[in-house]
Amino acid sequence: MAEETAAAAGGAVGEKIIHTYPLIRHTDMSEEMRTEAVELSVTACEKFSQNNELAARMVKESMDKKFGPAFHVVVGESYGFEITYECTTICYIYFGGNQAICIWKCS
Amino acid sequence: MAPKKQKEAASKSRGNLVEDEGLDWLKPRALIKPDDQEEVPDADLEEEVGRILSTINPQWVADEVAYHYGRGMFVIKPRPTFGKAYPLYIYQGTAIRKDSDEAKAQIAAGYGMVGFDDAGPKRAKVKKSAAEEEEEEEPEPEPAAPAEEAKPEEDEVAAEEQKPNEEKPQEEPKEVGEEGEVAAEEGGEEAAAEEKEEAPDLGAEEVLDIKPRVKKLANQFNFCERAALTYNFPRRSVDTQTIPPPRANFGSTALQSIIFDYYQEDYAKKLREKEEEKPKRLRKKTAKHVKSEQQIHDEKLAQRIREAWTILERLVNQNIYDDIAQDYRYWDDPSDEFREGMGSLLPLWKFQYEPMRNHAVCDIQWNPHYQDLFAVAYGSLDFTNQQKTGCLCLYSIKNPAYPEYSVVTESPVICLDVYKETPYLICIGCYDGNVCVYNAQLSLETSYQYKSDSVRDKHSNIVWEVRWGARLIDGEASFFSISGDGRVVQWAVMPGELQATTIITLTSNVPPIPGPDGTMITVNSCGSCICFHPEREEIFMVGTEDGMIHTCSLKYNRNYVRSVHGHHMPVYRISYNFFNNSIYASCSGDWRVKIWEDGRDEPLFMFELGSPVGDVKWAPYSSTVFAACTADGKVYVYDLNVNKYRPVCVQAVVSKKTKKLTRIDFNQRLPVIVCGDTKGTCHVVKLSPNLRVMCKPPKKAQGIDQRTLQIMKLDKLLSLVRDPPFQTGVVDEKFEDD
């Protein structure tokens, strides 16, 4: 299980558990694509932890290369969206406990 | 005078323009003269300078000299043939001079006239006529310009003319003559100018007239072009529209709180799963433990109940078969005392396993360790109607109703052997060529413990006999199997698998048979039984289906140590004497039992039993007693010490109409025989006292033990038989007796 859980004892308050593993919130991707997307997101967010734009760009470009163009990626901590996507191409994941990454394709 | 000249020049240029107008009306041609151009009189301009082409090279130096090194002086260079001109390329032209005779002749002949098909000149003519018309109607703006220019010039000229005229009166008186001359001159000049003005027009007319008359020769390269137009296929546009990939909408909101909540939820789920999963093992264990406490209890209870039931079953059976059990141990046929040299068999129990009713007892063997236990291999000897399954059973005499251990196999079991060292290990050979090892200690559900690999190394024919052998160097148990495919294979019981080693491939005397594609197929003789030397582990004997008995050694895998043509039919079994290792008995489908001695090609004894002999066994208690069972359901017991020619006992154990006896085995300690028939029944019979006569030690040597006595007894017998080298009388005598 790829679970990296850092537990910090918070004294009397109790344990505050910070989850860092990628958590798929919603997806209809194929297994292969999903794995790829999740791995890419993890890599990108770890690489550009301070720059969501670059992370999104990296994910988008890699996905474009792998699965054909017109992928859209949103990386951010709080946002709302309402999108139209081509079926079997959406992946909405949480990562690092505070980031939401939405990857979809629409050309 | 200069203006006049200018006027002349202008008029001339105008004339030129008019002339050119027909051909080159597009561009106005105003002749521009450089300012510093030298003034040349018209006469000089008008003068025609003829150009003469001469053959003399003006560039050529007549007397060119060059230094001659040989002579040391300048010499005149030799004159080259062509002067300084060198023809590089000579081409005979087709043009001829117009005024030459040939041309004249051609013109006279009509060539060179303007024809209708001469497009060029015709067009020129048309153009020219058009130009003429234009000129007639109204002058073009271009030509008009010079005309306008010319007007002021004329005015000027007129003014000039007037001026002189004005002046003239002043000068008239002075120079009348002069004036007259000048006037005359002027008039002449004007006339000349007029003439000149007309002249260009005339010239133009001449040119126009001449031009259509340009004579052209018939041009052989004058061809007309031809072309054809093909159909233009109508164009069509075809298009199709694909269904756009399906789309869907999705919307969500990413907020820290949502993310956190979802993570919490997921984590909780994971924890739960983990708890569920991890304890699965643990819980299983614990549950197992918990359960197993219960289970152990249950099992113990079940075991105890089973044991109790077993005991109860045995009790019941022993009560039912009490008389048989009594007979088994204590009853001896009292009538034997009165009939010398004859014995009888007392039938005891019949063992039958209900599911194996239609199977034949293919092999039977007493357990070497437990005297009341024997193993039975259920297979089928009816090869046209072979059974699908087989069975391995262990029967105890204590319970004749049901086998102690039974396991159904995938293939009919043809042979078995119980391992002497660990009597719960039983190896079996199957009809499909597999060999297996069963562990009777394991519970009933477990099947074989070891099995030969069906693909890699099983026999390709029926395994006819298996025998446990000595342990290997590494300490693994091993057994040998002989099969109808002519191979003797040693199986090493490795942990988890059986490792096969082919000991010997039985060659036959049959020459190789040519196969369908020209290859020679060597024919192996089919092995049918194997028997190991009781003491020398590497020596074994092999009987084949063509009646041969080969003595082989594990150390030679190609050749036989000895080969005897023992029978005319398949050799079913070979048995070594327990007391003399060089004596063995063989039985065969040719109705005969033969007693052999090692190294002798002829049998010592030969007995005709009147039916195929399924099995022959030496008695473990006597050196001269052996038993054989035949297909007609009889058991023959011979005691060579008592009667060398006739059996001491012949008893039909089963009805010969429905059943055949297949195998027989002596109990190692008790005087009972078990024999199997083709209907899956095992018959246990007891030997009467006359069949198990022990040797009485002679009075001289009382301390000699039974074994020595038995050996002595056999030796004594053998010495009697050995003397005549060849005995034909044995069989004959029997036949005579019959």
Side-chain angles (χ1 to χ4, degrees), chain A residues 1-7 14-30 38 41 45 52 56 67-107, chain B residues 233-296 445-446 455 495-497:
Chain A
M1 197 166 266
E3 187 187 351
E4 301 150 24
T5 312
E15 286 183 20
K16 194 198 172 190
I17 299 165
I18 301 163
H19 304 285
T20 57
Y21 59 91
L23 179 56
I24 297 172
R25 176 67 198 259
H26 174 83
T27 186
D28 62 348
M29 279 179 175
S30 61
V38 172
S41 314
C45 289
N52 288 348
F67 303 105
F71 268 95
H72 309 270
V73 178
V74 179
V75 179
E77 295 195 357
S78 77
Y79 56 92
F81 59 92
E82 182 74 32
I83 53 159
T84 302
Y85 62 97
E86 285 176 16
C87 286
T88 74
T89 59
I90 193 170
C91 190
Y92 181 40
I93 53 179
Y94 296 147
F95 174 72
N98 59 351
Q99 273 183 320
I101 302 156
C102 189
I103 303 168
W104 79 97
K105 180 181 179 175
C106 188
S107 44
Chain B
F233 291 104
R235 291 188 183 172
R236 233 183 338 180
S237 51
V238 176
D239 47 24
T240 171
Q241 194 169 17
T242 55
I243 302 160
R247 293 186 173 184
N249 287 324
F250 177 67
S252 181
T253 312
L255 282 174
Q256 290 302 299
S257 56
I258 295 171
I259 296 174
F260 181 79
D261 285 351
Y262 196 68
Y263 262 107
Q264 288 298 104
E265 199 181 304
D266 183 70
Y267 184 63
K269 204 167 110 192
K270 268 182 187 165
L271 277 185
R272 226 180 305 127
E273 274 175 12
K274 217 186 217 174
E275 214 137 284
E276 264 173 25
E277 197 169 300
K278 207 195 246 172
K280 240 180 207 172
R281 275 181 277 129
L282 277 180
R283 201 166 50 187
K284 258 186 190 170
K285 267 185 193 169
T286 50
K288 239 184 191 172
H289 267 290
V290 172
K291 228 184 196 175
S292 25
E293 276 176 29
Q294 182 70 31
Q295 247 180 358
I296 284 169
E445 302 96 84
T446 50
V455 176
E497 62 166 352

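Below, chains carry the letters A, B, ... as their sequence lines are ordered, and counting in each starts from 1.
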Q | Portion of I101(A) that has a non-hydrogen atom of chain B nearer than 4.5 angstrom | A |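 For I101(A), neither part sits under 4.5 Å from chain B.
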Q: Let me know if I90(A) has heavy atoms under 4.5 Å from chain B in its side chain, its backbone, both or neither.
A: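 For I90(A), the side chain is the part near chain B, not the backbone.
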(Q) Check whether E82(A) reaches the backbone of N249(B) with its side chain - one donor and one acceptor, N or O, closer than 3.5 Å. (A)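 Checked: no pair found.
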Q | Any donor-acceptor pair under 3.5 Å from Y263(B) side chain to N98(A) backbone | A |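 Between the backbone of N98(A) and the side chain of Y263(B) there is no qualifying donor-acceptor contact (under 3.5 Å).
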Q: Sort out for me which of A100(A), G97(A), G80(A) touches chain B most, counting heavy-atom pairs under 4.5 Å.
A: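 Of the candidates given, the most pairs with chain B belong to G97(A).
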Q. So which of G251(B), P245(B), P244(B), S257(B) has the largest heavy-atom pair count under 4.5 angstrom toward chain A?
A.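 Ranked by heavy-atom pairs under 4.5 Å with chain A, first place is G251(B).
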Q. Angle class for the Y94(A)/Y262(B) ring planes (parallel below 30°, perpendicular above 60°, tilted otherwise)?
A.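 Taking Y262(B) first and then Y94(A), their aromatic rings stand perpendicular (interplane angle over 60°).
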Starting at [atom1] of [X], measure out to [atom2] of [Y] and round the result to the nearest 0.5 Å.
{"X": "L255(B)", "Y": "Y79(A)", "atom1": "CG", "atom2": "OH", "value": "10.5 Å"}
{"X": "H26(A)", "Y": "S252(B)", "atom1": "NE2", "atom2": "OG", "value": "9.0 Å"}
{"X": "R247(B)", "Y": "I83(A)", "atom1": "CZ", "atom2": "CD1", "value": "11.5 Å"}

Q. Is there side-chain contact between Y92(A) and F250(B), with heavy atoms separated by less than 4.5 Å?
A.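 In contact.
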